[in-house]
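Taking it in order: structure first as structure tokens, then the write-up.
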Amino acid sequence: AVERTLSIIKPDAVAKNVIGDIVARFEKADLKVVAMKMVHLSDEQAGGFYAEHKERPFFKDLVSFMTSGPVVVQVLEGEDAVTKNRDLMGATNPADAAAGTIRADFAQTIDENAVHGSDSTESAAREVAYFFSDEELCPRTR
Ligand code: CMP
């Protein structure tokens, strides 16, 4: 089915100047960008986005990393977009990520792992709404 998923290009990848390389991988896989913005997240924005991880030991470091520089937040649309994006990203820990995946190619550590992608269609709906209003989602009719 055609789905939407939320993708974040994290501060490490933005700093490496590989925004275009990462977006090219989405486009080559037939995912279409239907919304996109660059934002330097506040502690409140990052903490709210990762609220489900609030009790995890890595939460504080995660928020401090995600607010350390600008990120690029996008909504990707396409057939099986959630799974397709996760396949393109590779495992959360770059050390476990398959060759040719975004994290294998652009990330060094589990904390600074280049990209985030929604883990289910339910998360995607929540995460897309967290960053974008309906009017900011652009239908791609051609
Ligand atoms: P992300 O998909 O953005 O969701 C939460 C992030 O926490 C994850 O990617 C990792 O970058 C980071 N993180 C750090 N340590 C861990 C861990 N042990 N398990 C899962 N995520 C972790």
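Because the structure is predicted, anything quoted here is derived from the model rather than measured. Here, residue 1 is the first one in the sequence, and each next residue gets the next number. Order of listing sets the numbers, starting from 1, for every ligand and every atom in it.
- Protein residues with a heavy atom under 4.0 Å from ligand 1 are Lys10, Tyr50, His53, Arg56, Phe58, Leu62, Thr92, Arg103, Ile110, Asp111, Asn113, His116.
- Residues His116 and Val71 form no side-chain contact, since every pair of their non-hydrogen atoms from C-beta on lies 4.5 Å or further apart.
- For Asn93, there are no side chain to side chain donor-acceptor pair (under 3.5 Å) partners at least two apart in sequence or on another chain.
- The salt bridge (Lys or Arg N to Asp or Glu O under 4.0 Å) search around Glu79 returns none, not counting sequence neighbours.
- Note on residues 95-114: pairs passing side chain to side chain donor-acceptor pair (under 3.5 Å), not counting sequence neighbours, are Lys10-Asn113, Arg25-Asp105.
- For the pair Phe131 and Val75, the minimum side-chain heavy-atom distance is 4.5 Å or more.
- Between Phe106 and Val115 the shortest side-chain heavy-atom distance does not fall below 4.5 Å.
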